[in-house]
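Right, one structure below, let's go through it.
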2 protein chains.
Amino acid sequence: MTRVSSIPKATCLRLSLYLRHLDHAADQGSETTSSAQLAAALGATAAQVRKDLSLFGQFGRPGVGYQVEELRQAIRRILGVDRRWPVAVVGVGNLGRALARYREFAERNFDVVALFDIDPAKVGSRIGGVVVSSMEDMDKVVAECGVRLALLAVPAHAAQKAAEALVRAGVTGILNFAPAVVRLPARVVLYPADVSVLLEQLSCQVSAEPARPRSRRGKGGSALTARGFEVE
Amino acid sequence: MTRVSSIPKATCLRLSLYLRHLDHAADQGSETTSSAQLAAALGATAAQVRKDLSLFGQFGRPGVGYQVEELRQAIRRILGVDRRWPVAVVGVGNLGRALARYREFAERNFDVVALFDIDPAKVGSRIGGVVVSSMEDMDKVVAECGVRLALLAVPAHAAQKAAEALVRAGVTGILNFAPAVVRLPARVVLYPADVSVLLEQLSCQVSAEPARPRSRRGKGGSALTARGFEVE
DNA sequence: TAGATTGTTAATCGATTAACAATC
DNA sequence: TAGATTGTTAATCGATTAACAATC
């Protein structure tokens with residue numbers, strides 16, 4: 001059976017955060033950094049940083065560390081953000097419109113180039129300079145724009161169908177902002193991005209850990225979230 | 001060092017998704033369900049569903065399955081969403097405003113009751129019926145409203161300071177929508193929610209720059225997302 | 001050289017899956 | 001009872017951490 005060689009999800013997330021930190025370091029004028037510094041920024045361990053990077057090659061020099069700019073470019077390449085990604089937004093309600101207009105995407109090489117909505121009253125209008133297309137035109141527009149990634153911002157009841165339409169049109173990666181569980185073929189990468197799901201992660205953790213005696217302090221979740229300054 | 005047994009992050013996420021599915025099942029009029037059905041909906045295994053639930057008690061009956069409504073209430077209680085959570089939004093730019101107005105939150109028991117911005121021109125204005133407060137009033141407003149969760153939607157350069165202000169004011173859970181790495185004390189739960197970080201997860205998996213061939217190879221990603229690329 | 005820090009291997013830890021007795 | 005499905009234990013799998021030789 002064919003196996004899948006994919007980057008561990010946790011590593012993928014950390015790479016993004018390393019990149020954010022390297023951007024910051026570059027802004028500050030730092031030329032080199034080390035696994036220890038990167039780890040400290042995220043609350044991870046130095047070993048984990050080196051392990052993560054070692055999956056993709058050798059980027060540092062023993063005794064010296066990493067060149068900030070060099071590592072930045074390497075991680076951008078690994079994440080695939082050394083090139084531009086045309087992105088579609090499906091559903092231009094309140095959230096969809098905000099996503100369509102959100103400036104930061106372009107700075108990170110994601111361009112919202114296509115919008116879709118089922119409401120004929122919205123089709124043809126412009127949001128942030130992009131025309132809203134009908135769902136019927138999805139195949140055509142997605143192909144023309146070379147879209148492979150999409151943001152799904154439709155109501156829960158429309159999520160499954162809209163997601164399937166995206167997949168048929170050739171999209172292979174979807175962020176699902178709808179409060180619904182969507183099932184797609186395994187080849188499609190689908191992440192839940194519904195803010196209420198994320199809020200539930202907070203309430204779950206926050207109510208699960210009501211002020212405990214200090215001797216039993218939180219293990220702090222993964223290094224990605226918020227490991228403390230406090231150590232013992 | 002002592003550790004706390006907190007709910008595994010992955011379990012927490014699945015619980016949210018089980019809940020979405022149970023909501024759907026309840027809408028459809030289903031009265032019972034099984035670990036196999038829940039698993040199928042998410043692309044997980046039945047064993048995993050039962051294992052997740054077994055962390056919190058016994059909710060099903062052998063040979064019968066789970067009562068949809070009963071399990072729904074149980075999961076709502078575990079996630080802490082059987083009660084209302086007052087939520088603050090910091091930064092009412094494009095994204096912050098959309099978050100402040102997003103309707104779905106209230107349906108899920110999260111009420112946006114406080115807004116903050118550093119811009120004096122925005123302070124005092126209303127968004128979705130909530131007045132924008134100044135950062136100086138944060139301590140007071142957060143205390144008055146009993147806010148423990150916050151959405152951080154400020155620019156990257158302001159994220160660390162704003163997050164620290166939230167923590168000082170008593171907030172213990174934060175979704176970070178800013179494209180910056182934020183470090184906070186371990187007791188605070190902090191999740192990255194920056195959409196560009198999420199998009200990078202997609203581009204990373206979709207372009208799946210596979211590691212140099214090694215003796216070991218990756219597995220297929222968690223059932224929650226989707227399996228990666230098939231190679232070989 | 002001496003000190004620093006890498007890349008990698010081995011040990012640990014945690015999470016997922018398979019199997020099955022219990023039981024409705 | 002016979003069939004179905006749970007909750008749980010043991011086995012597997014993967015990810016994190018510690019340790020260290022290599023090397024700048």
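Letters A, B, ... are given to chains in the order of the sequence lines, protein chains preceding strands, and every chain is numbered from 1. Reckoned from all heavy atoms, side chains included, excluding hydrogens, waters and symmetry mates.
- When the side-chain nitrogen and oxygen atoms of B:Arg50 are compared with OP1 and OP2 of D:dG7, none of them lie within a distance under 4.0 Å.
- The distance from atom CG of A:Leu55 to atom C1' of D:dG14 is 12 Å, rounded to the nearest whole Å.
- Proximity of A:Arg14 to the phosphate of D:dT16: a side-chain N or O atom is located under 4.0 Å from OP1 or OP2.
- Residues of residues 62-73 of chain B having a heavy atom closer than 4.0 Å to DNA chain C, listed by number: B:Pro62, B:Gly63.
- For the segment residues 26-38 of chain B, the set of residues with a heavy atom within less than 4.0 Å of an atom of DNA chain C is empty.
- For A:Arg72, the salt bridge (Lys or Arg N to Asp or Glu O under 4.0 Å) test picks out A:Asp23, A:Glu69, with sequence neighbours left out.
- Applying the salt bridge (Lys or Arg N to Asp or Glu O under 4.0 Å) test to every pair with at least one member in residues 150-167 of chain A, sequence neighbours left out, gives no pairs at all.
- Dashed line: the shortest gap from a side-chain N or O of A:Thr45 to OP1 or OP2 of D:dT17 is under 4.0 Å.
- When rounded to the nearest whole Å, the span between CG of A:Asp52 and C1' of D:dT16 equals 10 Å.
- Applying the side-chain hydrogen bond (donor to acceptor under 3.5 Å, both in side chains) criterion to B:Arg168, with sequence neighbours excluded, gives no partner residue.
- Partners of B:Tyr18 under the side-chain hydrogen bond (donor to acceptor under 3.5 Å, both in side chains) rule, at least two apart in sequence or in another chain, are B:Asp52.
- Under a cut-off of 6.0 angstrom, the local environment of CD in B:Glu31 is sparse, with at most 12 non-hydrogen atoms contributed by other residues, nucleotides or ligands.
- Ion pairing between A:Arg61 and A:Glu70 fails under the 4.0 Å rule for side-chain N and carboxylate O.
- Here the nucleotide nearest the side chain of A:Arg61, chosen from D:dA15, D:dC24, C:dG7, is D:dC24.
- Not counting sequence neighbours, the partners of B:Arg84 by the salt bridge (Lys or Arg N to Asp or Glu O under 4.0 Å) test are B:Asp111.
- Under the ring pair (Phe, Tyr, Trp, His ring centres under 6.0 Å) criterion, B:Phe105 pairs with B:Tyr102, not counting sequence neighbours.
- Here the P atom of nucleotide D:dT17 and the CG atom of A:Leu42 are 12 Å apart, to the nearest Å.
- Considering only side-chain N and O atoms, A:Gln48 lies nowhere under 4.0 angstrom from the phosphate OP1 or OP2 of D:dA18.
- Taking the side chain as every heavy atom from C-beta outward, B:Leu15 and B:Ile78 approach each other to under 4.5 Å.
- Here A:Ser203 pairs with nothing under the side-chain hydrogen bond (donor to acceptor under 3.5 Å, both in side chains) rule; sequence neighbours left out.
- Following rounding to the nearest Å, A:Lys51 (NZ) and C:dT8 (C1') show an atom-to-atom distance of 7 Å.
- Under the rule for a side-chain hydrogen bond (donor to acceptor under 3.5 Å, both in side chains), B:Ser34 has no partner lying at least two apart in sequence or in another chain.
- Pairing analysis of DNA chain C (Watson-Crick: purine N1 to pyrimidine N3 plus N6-O4 or O6-N4; G-U wobble: N1-O2 and O6-N3; both under 3.5 Å) yields stems of 3 or more pairs at C:3-24 with D:3-24.
- Taking atom CZ of residue A:Phe59 and atom P of nucleotide C:dT8, one finds them 11 Å apart after rounding to whole Å.
- As a whole-Å value, the separation of A:Phe56 CZ from C:dG7 P is 13 Å.
- Residues that satisfy the salt bridge (Lys or Arg N to Asp or Glu O under 4.0 Å) test with A:Asp82, not counting sequence neighbours, are absent from this structure.
- In this structure, CD1 of A:Ile7 is placed 12 Å from P of D:dA15, rounded to the nearest angstrom.
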